Amino acid sequence: MRFFRTSVNSADKSTWGTSPSVTSEPISSPPPLPQDLVQSSTEGTPVPSSQASPTVNLTREYTLAVQTSSYNHIWTTIHAEGQAQLASAQVVGQVLQPDRDSIREVLQQARPSNLTRLVSSYFDNSEHTSHLCLLLHRSVDRARTVYRPIGDLTEMLPTHHLTQSQCDWAFDILAEFDSQENPFPSSDSIFHEMRECFTELKQQLDRRLHKARRQVNIVRCTTKSSAICLLGTCIGAIVSSIVLAVHALPALVAAPLLVFIPDGLLKKQLDHIAQLDAAAKGTYVLNNDLDTIDRLVARLHATVESDKLLVKLGLERGRDRFPIQEVVKQLGKNHPNFLHQLKDLEEHVCLCFATVNRARGLLLQEIHQKETARRRR
């Protein structure tokens with residue numbers, strides 16, 4: 001991860017290497033998420049346990065996410081004209097919510113615990129992840145710039161019988177392409193540290209969720225027992241003597257209290273469970289997003305390397321028309337699929353931004369509610 005930390009600290013760089021920044025063309029609205037990629041996102045994802053981990057319909061989560069106003073706002077923000085020239089921290093500051101000041105204020109008031117420590121670590125890592133996502137977005141812009149001459153070449157030249165002048169033009173474009181660095185990183189996992197943080201945080205949330213559900217079950221059992229006691233007392237009072245009925249009066253008064261006292265506690269616990277469940281689902285979905293992005297980046301890096309190898313083999317024969325012609329023909333076949341891969345990564349980067357914000361908001365709310373309840377005791 002050291003290489004990527006260096007990239008994040010160099011906030012004014014638009015790619016993983018030293019290539020110049022690229023101006024993004026403004027795009028009015030994001031395209032819908034491809035269904036084939038949505039379905040493939042669930043592959044290789046561990047199924048959460050039925051007891052502690054939330055059951056998440058990932059297809060539904062993705063579909064809902066790309067329809068939200070937050071997703072569209074993020075898409076519009078990072079594709080706005082001139083954003084490629086801004087420092088990474090400036091763009092992330094426009095996208096990331098809740099902001100750093102709000103988070104710092106809540107955490108400073110929170111009592112130190114394992115959960116607050118993990119949440120604090122998550123907020124730091126999520127901000128770092130947002131920087132990495134922005135760099136990936138700029139890598140997509142850089143890749144489009146690198147491949148644009150290739151696209152023009154394959155569209156304008158015939159696939160057979162190149163003239164020598166056409167061959168010379170193609171040779172020069174291929175030579176320039178060969179000299180460019182791969183816009184995408186070669187690391188097996190860009191988000192390794194973030195995903196480790198997620199794993200530990202989700203385990204903590206699952207334990208708290210299990211504990212909260214157990215407390216609700218205890219309250220419900222107590223309520224049922226109290227109701228049974230009240231019913232028994234009433235029956236006893238009817239059939240008993242007047243003297244025994246007098247002795248049963250305190251029980252008749254106390255029993256309703258046993259029934260109705262847990263109601264407020266039960267509602268608070270159910271709200272708490274819903275909040276924990278939403279936070280746990282958020283971390284699960286975001287972890288899956290990062291896994292999907294890792295695989296998309298690895299696939300794009302491999303595609304670029306494959307094209308560069310193909311071009312290099314064609315250039316080895318000099319300006320011979322036949323090898324150049326075959327390379328151009330093969331690149332023309334590969335190009336549409338490459339553009340589709342770029343689009344997939346671009347959409348998932350925006351989706352990751354939106355999911356990070358949602359998880360940050362839920363976790364911050366959980367910490368805030370926990371501290372508010374503690375101060376009221």
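All of these numbers come straight from a predicted model, not from anything done at the bench. Just so you know, residue 1 is the first one in the sequence shown, and it goes up from there.
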* Passes side chain to side chain contact (heavy atoms under 4.5 Å, CB included), Gln90 versus Gln83? Steps please. -> CA-CA 9 Å; Gln90 289 179 271; Gln83 290 287 48; over 6 Å; no

Check: [Y] and [X] side chains under 4.5 Å, non-hydrogen atoms:
{"X": "Ile78", "Y": "Cys350", "result": "yes"}
{"X": "Val91", "Y": "His137", "result": "no"}
{"X": "Ile293", "Y": "Leu351", "result": "no"}
{"X": "His335", "Y": "Leu331", "result": "no"}
{"X": "Thr76", "Y": "Tyr71", "result": "no"}
{"X": "Leu174", "Y": "Ile150", "result": "yes"}
{"X": "Asp291", "Y": "Phe191", "result": "no"}
{"X": "Thr77", "Y": "Phe353", "result": "no"}

Donor-acceptor contact present, side-chain [X] to main-chain [Y], <3.5 Å:
{"X": "His301", "Y": "Val297", "value": "no"}
{"X": "Ser102", "Y": "Pro98", "value": "no"}
{"X": "Asp320", "Y": "Pro323", "value": "no"}
{"X": "Lys308", "Y": "Gln180", "value": "yes"}
{"X": "Gln166", "Y": "Thr163", "value": "yes"}
{"X": "Asp178", "Y": "Lys312", "value": "no"}
{"X": "Gln325", "Y": "Leu162", "value": "yes"}
{"X": "Ser139", "Y": "Phe184", "value": "no"}

* Asked: Under the side-chain hydrogen bond (donor to acceptor under 3.5 Å, both in side chains) criterion, do Asn72 and Ser69 qualify, and how do the steps go?
  -> CA-CA 5 Å; Asn72 285 275; Ser69 58; over 6 Å; no

* **Smallest separation among heavy atoms of Ala170 and Leu157, with atom names** => CB-CD1, 3.9 Å

* Answer yes if the ring centres of Phe177 and Tyr147 are under 6.0 angstrom apart, and no otherwise. => yes

Flag yes if [X] and [Y] sit in one hydrophobic cluster, no otherwise; membership is Ile, Leu, Val, Met, Phe, Trp, Tyr, and two members link when side-chain heavy atoms are under 4.5 Å apart.
{"X": "Leu286", "Y": "Val92", "answer": "yes"}
{"X": "Val146", "Y": "Val140", "answer": "yes"}
{"X": "Leu339", "Y": "Val328", "answer": "yes"}
{"X": "Val327", "Y": "Val304", "answer": "yes"}
{"X": "Ile324", "Y": "Val311", "answer": "yes"}

* Verdict with reasoning, Arg148 to Asp152, per salt bridge (Lys or Arg N to Asp or Glu O under 4.0 Å) -> CA-CA 6 Å; Arg148 188 170 293 119; Asp152 295 339; over 6 Å; no

Drop me the distance from [X]'s [atom1] to [Y]'s [atom2], to the nearest 0.5 angstrom.
{"X": "Leu342", "Y": "Arg142", "atom1": "CG", "atom2": "CZ", "answer": "13.0 Å"}
{"X": "Thr303", "Y": "Asn337", "atom1": "OG1", "atom2": "CG", "answer": "6.5 Å"}
{"X": "Ser306", "Y": "Asn334", "atom1": "OG", "atom2": "CG", "answer": "6.5 Å"}
{"X": "His348", "Y": "Leu290", "atom1": "NE2", "atom2": "CG", "answer": "10.5 Å"}
{"X": "Lys333", "Y": "Lys329", "atom1": "NZ", "atom2": "NZ", "answer": "5.0 Å"}
{"X": "Leu134", "Y": "Ser88", "atom1": "CG", "atom2": "OG", "answer": "4.5 Å"}

* Any salt bridge (Lys or Arg N to Asp or Glu O under 4.0 Å) pairs touching residues 118-135, not counting sequence neighbours? -> Arg100-Glu127

* To do: Could you please spell out the steps behind the salt bridge (Lys or Arg N to Asp or Glu O under 4.0 Å) verdict for Lys211 and Asp206?
  => CA-CA 9 Å; Lys211 181 180 178 181; Asp206 284 343; over 6 Å; no

Is it true that [X] and [Y] have a side-chain N and a carboxylate O under 4.0 angstrom from each other?
{"X": "Asp101", "Y": "Arg104", "result": "yes"}
{"X": "Arg319", "Y": "Asp172", "result": "yes"}
{"X": "Glu346", "Y": "Arg144", "result": "yes"}

* To do: Would you mind telling me which of Asp289, Asn287, Asn288 makes a side-chain contact (heavy atoms from CB on, under 4.5 Å) with Val285?
  => Asp289

* Could you go through the side chain to side chain contact (heavy atoms under 4.5 Å, CB included) check for Leu310 and Gln330 one step at a time? => CA-CA 9 Å; Leu310 176 66; Gln330 189 59 46; 3.6 Å; yes

* Worked check of side chain to side chain contact (heavy atoms under 4.5 Å, CB included) between Lys343 and Phe338 -> CA-CA 9 Å; Lys343 180 181 175 183; Phe338 178 74; over 6 Å; no

* **Intermediate values then yes/no, side chain to side chain contact (heavy atoms under 4.5 Å, CB included), Arg360 and Val356** => CA-CA 6 Å; Arg360 284 165 67 94; Val356 163; 3.6 Å; yes

